[in-house]
Amino acid sequence: MTMKLSTDPSAATLLPIAKKEGISTVWDRHRAMQPQCGFGQLGVCCRICWKGPCRVDPFGDGPQRGICGADADTIVARNVIRMIAAGAAGHSEHGRHVALALQGVAEGRLPAYQIRDEAKLRAVAAKLDICTEGQDIPAIAAAVAKATLEDFQNQDHDAPCNWIEATLTKKRLERLQALHVLPHNIDAVITQIMGRTLVGCDADPVNLILGGIKGALADFNGMCLATELSDALFGTPSPVITAANLGVIKPDAVNIAVHGHNPLLSEVVCEVAGQMDEEARKAGAPAGINIVGICCTGNEVMVRHGIPLAANYLSQELALVTGAVDAMVVDVQCIMPSVSEIGACFHTAVITTMAENKIPGATHVDFKEETALESARRIVATAIEAYKRRDPRRVNIPDFKQTAIVGFGVESVVAALATLNAEDPLQPLIENIANGNIRGIALFAGCNSTQVAQDSSFVTMAKKLAANNVLMLATGCGAGSFAKHGLMTQEATLEYAGDSLKAVMTAIGTSAGLNGPLPLVLHMGSCVDNSRAVQVAVAVADKLGVDLDQLPLVASAPEAMSEKAVAIGTWSVALGIPTHLGTMPQVTGSAKVTELLTQTAKDLLGGYFLVELDPNLAADKLLEVIEERRKGLGI
Ligand code: NFS
Ligand code: SF4
């Protein structure tokens with residue numbers, strides 16, 4: 001019997017077409033890779049030096065130490081914290097990029113960008129304790145950029161990064177400080193992980209994992225600043241009705257898929273596409289230009305502008321198999337290198353844009369903020385040219401799309417609640433948690449993985465938690481799953497929410513002018529926007545005078561795969577949140593590291609990893625955790 005590859009209906013339509021065309025997809029390559037290496041799965045394979053590779057025999061018959069003498073605990077701990085460092089590097093590079101753009105805007109060097117949300121910029125300045133009195137917007141932007149860039153430069157080990165200090169509860173900061181895991185400088189912390197994991201350095205698994213936790217908190221810091229500064233530059237999300245799944249691709253338009261992560265590129269492409277619509281029509285596309293999103297940059301433009309989402313991670317190749325994507329424009333992260341080859345099977349221009357992220361076979365259009373408009377025009381013109389080569393006989397757009405109400409940042413959640421209680425917007429939420437109408441809050445985050453039938457664990461868990469009156473937030477490819485499967489609709493709330501949750505969602509949605517309930521799962525944005533969920537949690541904790549590890553709050557990455565997800569999961573644990581993983585983390589070759597992350601962390605931090613591959617059981621376990629937390633609070 002073959003395992004189901006994806007529960008996305010588009011996959012069922014397009015996989016046979018890929019097969020007929022001789023195109024191999026991520027699922028074909030997954031099958032060809034079986035059986036996967038057991039040592040790697042357990043995390044006990046070390047390739048840190050050229051005496052290796054070494055692997056420790058988990059069953060005890062073979063070698064128990066690598067050639068240098070490192071045992072399984074050391075090897076596993078080094079491997080996993082290097083993954084955290086990579087994840088933190090990705091998010092923080094993204095954040096640095098946005099911070100430098102903000103600085104450029106402040107100095108008037110970047111004509112393609114402006115501060116679209118001045119109120120947000122002021123709010124950020126206030127949060128960072130920057131005095132704005134009598135200052136104009138460019139001056140405030142410059143000060144915010146400076147304070148942010150300090151988080152990449154500060155050399156004083158005792159002075160934590162500005163953003164993390166401004167973001168967490170006081171109790172949490174003290175707890176992290178006591179463990180010496182508060183980052184002082186994102187770059188330094190990442191470098192330190194690489195340095196301490198060289199051959200012949202840190203061999204103590206506990207010490208290594210603590211270093212990894214610090215790296216994960218640096219990741220959190222990078223995500224917070226990326227989210228908030230992007231809001232200042234591009235606007236803070238507010239609820240918008242849009243659509244998701246491959247049916248958002250239009251047969252009679254020039255379709256441009258924006259794929260990757262950083263809104264600095266996708267925002268300008270969207271803007272320029274609007275200006276070049278007429279050219280597309282002249283080229284024979286009656287519907288003009290249609291931008292669709294893939295992965296997290298898709299989430300960014302979705303929550304800010306209602307741009308429809310075509311695909312999450314695992315179906316990025318299928319977007320190309322529709323034969324109707326004229327250009328796929330990519331920047332950084334989560335872009336399968338296979339896309340250039342598949343694009344070449346069709347007429348599709350796959351366009352890379354970042355000097356440090358190229359793909360053989362793709363067209364490269366160098367994108368710099370200084371000349372963003374010119375580059376974006378070249379990109380859109382390339383898409384229009386490609387459209388002229390499209391073969392209509394090879395177009396197969398699946399007839400699947402779902403409505404999605406998205407765009408729930410902290411501000412819009414608070415605004416919706418304020419329609420019930422203008423003076424004290426959080427009160428209605430807290431009241432409903434306290435009286436049990438809402439049992440707890442779950443944040444769904446993270447990727448798709450070929451280890452799980454695409455989207456299935458997200459959807460199964462969400463339906464069960466909804467029935468048990470858990471309020472759900474989502475980001476990243478998790479949010480993509482829910483949007484594609486129709487769980488970001490009012491109908492889903494009516495169908496799946498338990499009675500008390502339904503009543504609360506209806507009360508809030510109706511008073512906020514949505515003419516019905518809030519959608520079942522609230523889309524908060526991309527992966528870096530997990531920071532938004534933390535902000536909501538911190539506000540609730542502060543109001544109750546408790547810390548994050550006391551709240552009936554859980555996180556779940558049921559289909560995690562990326563090193564970024566490893567970093568996010570680890571900071572989630574460090575913030576005190578029980579964090580579910582639905583794929584097997586590559587650490588189980590070390591009993592010590594496994595125990596640290598799933599048990600000892602609970603005592604040290606309040607949060608811990610909970611690994612459960614079965615989504616039904618995982619939902620049950622999270623419900624138990626929520627009830628345990630409620631008991632702790634006496635509610
Ligand atoms: Ni997050 Fe976004 Fe998706 Fe996973 Fe990749 S796109 S940053 S890493 S796969 S959720
Ligand atoms: Fe082997 Fe040690 Fe080198 Fe790792 S660092 S490859 S365990 S000799």
Side-chain angles (χ1 to χ4, degrees), residues 26 39 43-57 63-79 82-83 86-95 196-203 219 222-223 226-227 258-263 266 293-300 302 309-316 330-336 443-452 454-455 458 474-484 523-531 556-569 581 583 589:
V26 68
F39 295 103
V44 292
C45 166
C46 184
R47 291 186 303 102
I48 275 172
C49 88
W50 282 355
K51 299 194 299 307
C54 302
R55 72 259 185 295
V56 164
D57 182 347
Q64 294 302 300
R65 286 179 182 268
I67 295 168
C68 68
D71 63 9
D73 298 328
T74 303
I75 292 174
V76 167
R78 287 195 304 214
N79 284 342
R82 280 198 166 196
M83 297 189 93
H91 287 138
S92 301
E93 276 299 283
H94 171 166
R196 76 195 298 164
T197 53
L198 280 168
V199 56
C201 294
D202 197 356
D219 178 80
M223 292 173 78
T227 297
V258 290
H259 178 11
H261 281 79
N262 200 323
S266 52
I294 297 181
C295 285
C296 277
T297 214
N299 286 319
E300 297 266 353
M302 186 186 213
L309 186 82
N312 56 351
Y313 178 74
L314 274 186
S315 35
Q316 57 183 283
V330 308
D331 54 11
V332 295
Q333 301 168 19
C334 302
I335 301 140
M336 293 186 196
L443 166 64
F444 280 100
C447 328
N448 285 148
S449 166
T450 41
Q451 311 280 355
V452 178
Q454 184 185 15
D455 303 335
F458 280 111
T475 59
C477 288
S481 294
F482 297 129
K484 288 190 307 172
H523 192 323
M524 295 204 123
S526 66
C527 263
V528 296
D529 296 337
N530 281 314
S531 58
S556 172
E559 304 180 22
M561 62 91 199
S562 165
E563 288 169 313
K564 292 180 288 170
V566 181
I568 295 172
L581 294 175
T583 50

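One-based numbering, in listed order, for ligands and for the atoms of each.
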Novice: State the atoms of ligand 1, each with its element, that fall below the 4.0 Å cut-off from a heavy-atom position in Cys334.
Specialist: 5 (Fe), 6 (S), 8 (S), 9 (S)
Novice: Using modelled atom types and a 3.5 Å cut-off, is there a donor and acceptor pairing between side-chain atoms of Asn312 and backbone atoms of Cys477?
Specialist: yes
Novice: I'd like to know: is atom 2 (Fe) of ligand 1 within the 2.8 Å range of an N/O/S atom from His261, strictly under that distance?
Specialist: yes
Novice: Examine distances only and state if a side-chain atom of Ser526 and a backbone atom of Cys296 form a donor-acceptor pair shorter than 3.5 Å.
Specialist: no
Novice: Given Pro53, Cys201, Cys49, Cys46, identify the one with the heavy atom nearest to atom 3 (Fe) of ligand 2.
Specialist: Cys49
Novice: For Tyr313, counting its heavy atoms only, list the atoms of ligand 1 lying under 4.0 Å from any of them.
Specialist: 9 (S)
Novice: Is the CZ atom of Arg82 crowded by more than 12 outside heavy atoms at less than 6.0 Å?
Specialist: yes
Novice: Taking only heavy atoms of Cys68, which atoms of ligand 2 are found under 4.0 Å from at least one of them?
Specialist: 2 (Fe), 5 (S), 7 (S), 8 (S)
Novice: I'd like to know: is atom 2 (Fe) of ligand 1 within the 2.8 Å range of an N/O/S atom from Cys527, strictly under that distance?
Specialist: no
Novice: Would you please determine whether Arg78 falls within less than 4.0 Å of ligand 2 on a heavy-atom basis?
Specialist: yes
Novice: Hey, which atoms in ligand 2 end up nearer than 4.0 Å to a heavy atom of Gly66?
Specialist: 7 (S)
Novice: Check each atom of ligand 1 against the heavy atoms of Met561 and keep those under 4.0 Å away; list them by number with element.
Specialist: 9 (S)
Novice: Pair His261, Asp331 - check side-chain hydrogen bond (donor to acceptor under 3.5 Å, both in side chains), show working.
Specialist: CA-CA 7 Å; His261 281 79; Asp331 54 11; 5.1 Å; no
Novice: Which ligand 1 atoms, with their elements, are less than 4.0 angstrom from a heavy-atom of Cys447?
Specialist: 4 (Fe), 8 (S), 9 (S), 10 (S)
Novice: Considering only heavy atoms of Ser562, which atoms of ligand 1 have at least one such atom less than 4.0 Å away?
Specialist: 8 (S)
Novice: Any atoms of ligand 2 less than 4.0 Å from a non-hydrogen atom of Gly52? List them with their elements.
Specialist: 6 (S)
Novice: Kindly give the heavy-atom pair with the smallest separation between Val56 and Gly66, and that separation in Å.
Specialist: CG2-N, 4.4 Å
Novice: State, with a plain yes or no, whether a side-chain heavy atom of Thr74 is found less than 4.5 Å away from one of Arg65.
Specialist: no
Novice: Quick one: look up the protein heavy atom nearest atom 1 (Fe) of ligand 2 and list residue, atom name and how far away it is.
Specialist: Cys54 SG, 2.3 Å
Novice: Can you give me the closest heavy-atom contact between Asn79 and Gly43, atom names plus distance?
Specialist: ND2-O, 3.0 Å
Novice: Under the side-chain hydrogen bond (donor to acceptor under 3.5 Å, both in side chains) criterion, do Asp529 and Thr227 qualify, and how do the steps go?
Specialist: CA-CA 6 Å; Asp529 296 337; Thr227 297; 2.9 Å; yes
Novice: Give the atoms of ligand 1, by number and element, whose distance to some non-hydrogen atom of Cys295 is under 4.0 Å.
Specialist: 6 (S)
Novice: Quick one: are Val26 and Leu314 in side-chain contact, heavy atoms under 4.5 Å?
Specialist: yes
Novice: Can you list the atoms of ligand 1 that are under 4.0 Å from a heavy atom of Gly446?
Specialist: 10 (S)
Novice: If you count the atoms of ligand 1 from 1 in the order shown, which ones are under 4.0 Å from a heavy atom of Cys296?
Specialist: 2 (Fe), 6 (S), 7 (S)
Novice: From atom 4 (Fe) of ligand 1 out to just under 2.8 Å, does an N/O/S atom of Cys477 turn up?
Specialist: no
Novice: Please report the closest heavy-atom contact between Ala445 and Thr475, naming both atoms and the distance.
Specialist: CB-OG1, 3.5 Å
Novice: Working note: Glu300 + Ser266, criterion side-chain hydrogen bond (donor to acceptor under 3.5 Å, both in side chains); need CA distance, chi angles, decisive distance, verdict.
Specialist: CA-CA 9 Å; Glu300 297 266 353; Ser266 52; over 6 Å; no
